[in-house]
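Encoded as structure tokens, the structure appears first; notes follow it.
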Amino acid sequence: MSVFDKIYALADQVEKGSTTELDDRARACRATKEMVQDAKALLESVRVQLSEGWHGGAGEAALNSLDAFKKNRDDQARDLEESAKSFETIRDALAKAQQDARSKRADAQALQKKLDHGWHGFGIRQVDLAATWAKDKVLKAEALVLLADLERVTTTYDAILLIEGQKLRFKTGQVWELAGSEKRNDAEIVAIMLRELPGLAALVAKNPELRDALVHKDWDKLMQNPEVAQKIYDYLGFKYNKEGDFYTTGEHSAQSYFGWRDLYDKFGPYLGMHLDETGTDGDNMEFTDPKTGKTYRLELWKGSYGNHGAFGGEVGFYSSDSPNNDGHFNAAQDDDQIKVTQTIYNKGTGEVYFTNDGQGADGTDKKHFWNLAIRTEPGIERGDLGQRATIEVRDTDMRDRMYNEMTRYAAAHPEQHLTVTKGSDHPPTLSYDWRK
């Protein structure tokens, strides 16, 4: 297949997408949202009327059920609006990719015409043949550049599709049906990330300042470049918080796909991490909620990263639909997510280095499955660090189960120097201080 055939085939592939269909899905989300809000208003009206005549335990239980159902409608309406925005983001990205594909196709057709014309009717003189051959090479080189540009167009669109698709697939109810596709498997995710690496490398290679920053491992300098920062955030979820001078993570990073396995900690030292971590002996902070049947895992980390070039801490919360999960936990989603305010400080001096009060979470609720805060500063090791945190959960029952499990773990592992205290019931919180 010639380079021109590859350009046309790739352009055909992009142009098959339907922006109209994506727009229809966004409209369907908003139409369904209006129906949900109408149902909520009707429920509220019915509840007010029933509350005037229902008394006693059964009546109160029924009214509480209506309250829960009304809250569920609020959650659905929010999810539908967010899904509509995701479909519109994908629609706009597809429209841009199709416009770029049409432009590249036209440029390729013009190049091919020049190429055909150059070889048509050239003279018998050797100089004519040499000139035509040289022009042929130049035009084919330009065609290769066009192909590379078009491949970048498709990769950029696929990246947006991956990120927004991840958000859609975590929605529930009717939103799940509207999303309409299976989860990508792990191999697909890795393949897309690997496809993007050459573009990231080219971006760094053509910028002398970025090249120098990479050589000297000046990650802050690299992340100050908007294009580099966006790619890192899209694929790995890391984002710089200027106010606190630390890096944190988004909810829809690649890590949210893979969940958690104990095996992951084994790779830490090979990735330049030297951390204190809970569960190293196989005893983990886990508890089961009888109401949902889910098993939950709380993980704590603190120490140095990047071969001692950075330091910080993490609080991760994961769930499994069954205790028999073969060691795999999913990243906590929806109501399972927790709001964490994490502080990293110096155990010896008491100096507070930074506090992440939920940065990186989507929306304004600051609930996440992973509170991470890392500062790029060498010379601070895990033995220097303490970690304090306040955790807010959905209800007092989950808070009490988490508290009981953390105090059990602390008593079983005195070397961790972990102290846990209950906080308020409204909202349900607990706090801990970890001074290993």
Side-chain angles (χ1 to χ4, degrees), residues 217-220 222-223 232 236-241 244-250 253-255 258-286 297-318 329 331 338 340-360 368-391 406 409-410 412-420 431-436:
K217 298 181 180 180
D218 187 348
W219 311 121
D220 289 350
L222 283 168
M223 292 293 283
I232 294 295
L236 299 177
F238 294 106
K239 190 173 187 178
Y240 183 61
N241 180 285
D245 187 22
F246 59 78
Y247 291 91
T248 187
T249 51
S253 59
Q255 292 90 330
F258 299 119
W260 183 255
R261 287 183 179 272
D262 291 332
L263 177 65
Y264 297 168
D265 272 338
K266 307 297 183 186
F267 291 105
Y270 301 102
L271 299 174
M273 303 177 192
H274 301 273
L275 306 175
D276 291 324
E277 54 202 44
T278 54
T280 52
D281 62 351
D283 181 17
N284 294 286
M285 290 186 285
E286 296 180 5
R297 163 84 69 89
L298 180 69
E299 293 267 357
L300 311 178
W301 300 268
K302 63 180 177 70
S304 66
Y305 299 79
N307 290 314
H308 308 284
F311 71 96
E314 308 168 53
V315 182
F317 195 53
Y318 305 92
F329 286 81
I338 58 179
V340 178
T341 299
Q342 176 199 182
T343 296
I344 296 297
Y345 67 96
N346 186 294
K347 291 188 300 187
T349 66
E351 176 189 356
V352 171
Y353 292 116
F354 45 78
T355 295
N356 182 355
D357 66 348
Q359 302 302 315
H368 205 327
F369 75 91
W370 190 19
N371 182 300
L372 175 144
I374 297 175
R375 177 176 290 173
T376 52
E377 181 179 328
I380 298 175
E381 303 300 328
R382 60 185 178 183
D384 301 328
L385 300 176
Q387 181 193 78
R388 290 193 295 265
T390 297
I391 301 176
M406 292 185 76
Y409 180 86
H413 300 274
E415 76 284 357
Q416 294 283 345
H417 301 290
L418 176 66
T419 57
V420 191
S431 299
Y432 69 84
D433 191 2
W434 184 30
R435 299 175 59 88
K436 180 179 179 181

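Just so you know, these numbers use all the heavy atoms, side chains as well, and skip hydrogens, waters and symmetry mates.
Here the straight-line distance linking atom CZ of F317 with atom CD1 of I338 works out to 5.5 Å at 0.5 Å rounding. Summarising the geometry, atom OG1 belonging to T419 is positioned 9.0 Å from atom CE belonging to M406; distances are rounded to the nearest 0.5 Å. Here the OG1 atom belonging to T343 is positioned 10.0 Å from the CG atom belonging to D433, to the nearest 0.5 angstrom. Between atom CD1 of residue I344 and atom CD of residue E351 there is a gap of 12.5 Å, rounded to the nearest 0.5 Å. To the nearest 0.5 Å, atoms CZ (R297) and CZ (R261) are separated by 11.0 Å. Annotation: the span from D245 atom CG to E377 atom CD amounts to 8.0 Å, rounded to 0.5 Å.
A donor-acceptor pair under 3.5 Å links the side-chain atoms of R375 to the main chain of Y353, judged by distance alone. Judged by distance alone, with hydrogens and angles left aside, the side-chain atoms of T249 form no donor-acceptor pair with the main-chain N or O of L372 at under 3.5 Å. Judged purely by atom type and a 3.5 angstrom limit, K436 has no side-chain atom pairing as donor or acceptor with the backbone of T278. Side-chain atoms of H368 come within 3.5 Å of backbone atoms of W370 as a donor-acceptor pair (strictly under, hydrogens ignored). At distances below 3.5 Å, not a single donor-acceptor pair connects side-chain atoms of N284 with backbone N or O atoms of E286. In this structure a side-chain-to-backbone donor-acceptor pair under 3.5 Å is present from K347 to G383. Formation of a donor-acceptor pair under 3.5 Å by the R382 side chain with backbone atoms of L275 is found in this model. Side-chain atoms of Y409 come within 3.5 Å of backbone atoms of G279 as a donor-acceptor pair (strictly under, hydrogens ignored). No donor-acceptor pair closer than 3.5 Å links the side chain of D265 to the backbone N or O of D262. Between the side chain of Q342 and the backbone N or O of Q387, no donor-acceptor pair lies under 3.5 Å.
Contact annotation: the side chain of L298 approaches that of V315 to within less than 4.5 Å [non-hydrogen atoms, C-beta and beyond]. Using a 4.5 Å heavy-atom threshold, the side chains of F354 and N241 count as separate.
Classification of the H308-H274 ring pair by plane angle, with boundaries at 30° and 60°, yields parallel. Ring geometry for Y240 against Y247 counts as tilted: the plane angle lies between 30° and 60°, on a 0 to 90° scale.
Across A389 and V340, no two heavy atoms sit closer than the pair CB-CG1, 4.2 Å. Contact record, G312 with L385: O-CD1, 4.1 Å, taken as the closest heavy-atom pair. D384 and G379 get closest at one heavy-atom pair: OD2-O, 4.2 Å. When all heavy atoms are compared, the tightest approach of A373 to F246 is CB-CD1, 3.9 Å. Between T390 and S431, the closest heavy-atom pair is OG1-OG, 3.1 Å.
Of the N and O atoms on the side chains of R435 and Y345, at least one donor lies less than 3.5 Å from an acceptor on the other residue. In this model, no donor atom of one side chain and acceptor atom of the other lie less than 3.5 Å apart for Y264 and E299.
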